[in-house]
Protein chains: 2
Amino acid sequence: NASAEKHLAKGSAAPGPVPKDYIRVYSMRFCPFAQRTRLVFKAKGIKHEIINVHLADKPEWYLKKNPFGIVLTLETPAGEVIYESPITCEYLDEVYPEKKLFPSSPFAKAQQKMMLEHFSKRIGYFYRISSGRKNGQDVSGLEAELKEKLSKLNEDLVNKKTKFFGGDSITMIDYMMWPWFERLETFELQHCLDGTPELKKWTERMREDPAVKATMYSVDAHKAFYKTFLDGNPDFDYGL
Amino acid sequence: NASAEKHLAKGSAAPGPVPKDYIRVYSMRFCPFAQRTRLVFKAKGIKHEIINVHLADKPEWYLKKNPFGIVLTLETPAGEVIYESPITCEYLDEVYPEKKLFPSSPFAKAQQKMMLEHFSKRIGYFYRISSGRKNGQDVSGLEAELKEKLSKLNEDLVNKKTKFFGGDSITMIDYMMWPWFERLETFELQHCLDGTPELKKWTERMREDPAVKATMYSVDAHKAFYKTFLDGNPDFDYGL
């Protein structure tokens, strides 16, 4: 995995200028939002360097780059700074037109954005269910709601009769949703795919994609990190 | 104001096909999100027909068009349906390339989207302050926070030395933020501009824009509608 550098914390030296022809990515190894952009880098073959940022002990210099202190942040050799994962992904797709990930039709692109908007509103389920379970709460209602949402995604694939959500090859929307499906077992929600065979096949196809393979962590690594995260003391450098 | 048709409610007849060369807009007259898209229509001179939807008593046929039942929704003669205000605005800017509202540079466009993202997270303040005040709560803390956010916008104009947020002419970001500034007096928050002279000048310049004028309601109409909204019985047809 390309994202193998330790996370820089408060007191670390600020990195120098971004090398020519490169884009710098400030990331956190296990962050699913940051993985979206890392998938786009890999899929499009864009030269980039990754600097991992310790999100629980942020370097002073990072807050000057991004006052919100979130990852992922892009920085160009010209000093341009861009953040918010869907915005960075669309920026990269526009600046590097080779292997376009968004469809060229404005309507098809708008459809992917609507789908992303709905998916983004559901992301909270994964965390609420797994942290609720840890705290001994009854999460069966939340699980039923999540299953209902996933069955809508399954239905969408059935209706479209395509291998991926934007057609028979991977497009932007697949990468935008993937990071949470990579973590299903980590959230102990793998069984939620039992009633959604087409969606399950989609996850199997996604695992074969070179960009997915290149950004993926093992279930063991995800689980180990997520345990430290739920315990309130995230070990960003786990396994390094 | 172009949006002068009464709102269709449950039991109303479903509208027929969208006329050729037109885009149909399902809207609510006083909705600030819907106004964003109406501003884009006016600014770009796109032929459209408005159908107002009674949001408190939604027609059955509307929920078939948009399962979320929100406004604004676009419908094309081909039956394509698009919703979520920023998605509809970008779609229109791509399909109708005359008088582009987003800058052509991917970075400048990404900057506008980051700004929109931050602004959108602040929209809740306007409603929390005005409804809190109505309920006799102490809203001085919320007001101080809002003023702080507005002073950031003011600072942005000071640093850029431009008349609008994307340069010396109006671009997409100005229209995306405007509807809440048009309603400042309605929210009884007009005084929040006292310490932000550049932002205040921006609001004065915006009021001169033909698209803003064409979609604007009077302070009296906004106040009358907002009162019925806060009372829990919104009079969408106020003044018709």
Side-chain angles (χ1 to χ4, degrees), chain A residues 18 23 33 37 40 44 46 65-70 72-97 100-122 148-149 152 155-156 172-173 176, chain B residues 18 23 33 37 40 44 46 65-70 72-97 100-122 148-149 152 155-156 172-173 176:
Chain A
V18 180
I23 294 212
F33 296 95
T37 318
V40 169
K44 294 176 74 87
I46 301 167
K65 307 246 181 231
N66 179 339
F68 300 91
I70 54 167
L72 178 139
T73 301
L74 301 181
E75 188 178 13
T76 71
E80 296 163 339
V81 168
I82 305 146
Y83 40 82
E84 297 286 343
S85 66
I87 300 175
T88 61
C89 293
E90 190 166 10
Y91 168 83
L92 293 172
D93 206 35
E94 290 183 357
V95 173
Y96 299 88
K100 272 275 186 191
L101 290 173
F102 264 127
S104 56
S105 137
F107 177 60
K109 192 172 156 191
Q111 280 183 306
Q112 296 212 354
K113 290 187 174 183
M114 288 189 272
M115 208 174 159
L116 173 61
E117 186 74 20
H118 301 152
F119 181 78
S120 300
K121 286 179 184 152
R122 289 167 202 166
E148 160 74 17
K149 308 289 182 194
K152 287 259 164 60
E155 211 179 291
D156 196 34
M172 192 64 94
I173 186 63
M176 296 299 100
Chain B
V18 180
I23 294 212
F33 295 95
T37 318
V40 170
K44 294 177 74 86
I46 301 167
K65 308 245 182 231
N66 180 337
F68 300 92
I70 54 167
L72 177 140
T73 300
L74 300 182
E75 187 178 13
T76 70
E80 296 163 341
V81 168
I82 304 146
Y83 41 81
E84 296 288 341
S85 67
I87 299 175
T88 61
C89 293
E90 190 166 9
Y91 168 82
L92 292 172
D93 206 34
E94 290 183 358
V95 174
Y96 299 88
K100 272 276 187 191
L101 290 173
F102 264 126
S104 55
S105 136
F107 178 59
K109 193 172 156 191
Q111 280 185 306
Q112 294 213 355
K113 289 186 176 186
M114 288 189 272
M115 205 173 161
L116 173 60
E117 187 72 20
H118 301 153
F119 181 78
S120 298
K121 287 180 184 150
R122 289 167 202 167
E148 160 75 17
K149 307 290 180 193
K152 289 259 163 59
E155 210 178 291
D156 195 36
M172 193 63 95
I173 187 63
M176 295 301 99

| query | Which atoms of Glu90(A) come close to chain B, meaning under 4.5 Å heavy atom to heavy atom: side chain ones, backbone ones, both, or neither? | reply | side chain

| request: Give, as side chain, backbone, both or neither, the part of Tyr83(A) having an atom under 4.5 angstrom from any heavy atom of chain B. | output: both

Give, for atom [atom1] of [X] and atom [atom2] of [Y], the distance between the pair rounded to the nearest 0.5 Å.
X	Y	atom1	atom2	answer
Phe107(B)	Glu94(A)	CZ	CD	13.0 Å
Met114(B)	Thr88(A)	CE	OG1	9.5 Å
Ile87(B)	Gln111(A)	CD1	CD	11.0 Å
Ile82(B)	Lys113(A)	CD1	NZ	11.5 Å

| query | Any idea which of Leu92(A), Val95(A), Leu74(A), Val81(A) has the most non-hydrogen atom pairs under 4.5 angstrom with chain B? | reply | Val81(A)

| remark: One option among Ser105(A), Ala78(A), Pro106(A), Pro86(A) has the most heavy-atom pairs under 4.5 Å with chain B, and it is Pro106(A)

| Are more than 12 heavy atoms from other residues, nucleotides or ligands located less than 6.0 Å from atom NZ of Lys152(B)? | no

| task | Check whether Glu84(B) gets within reach of chain A through its side chain, its backbone, both or neither, counting any heavy atom under 4.5 Å. | result | side chain

| query | Yes or no on side-chain contact (heavy atoms from CB on, under 4.5 Å) for His118(B) and Phe68(A), after CA distance, side-chain angles and deciding distance? | reply | CA-CA 10 Å; His118(B) 301 153; Phe68(A) 300 91; 3.1 Å; yes

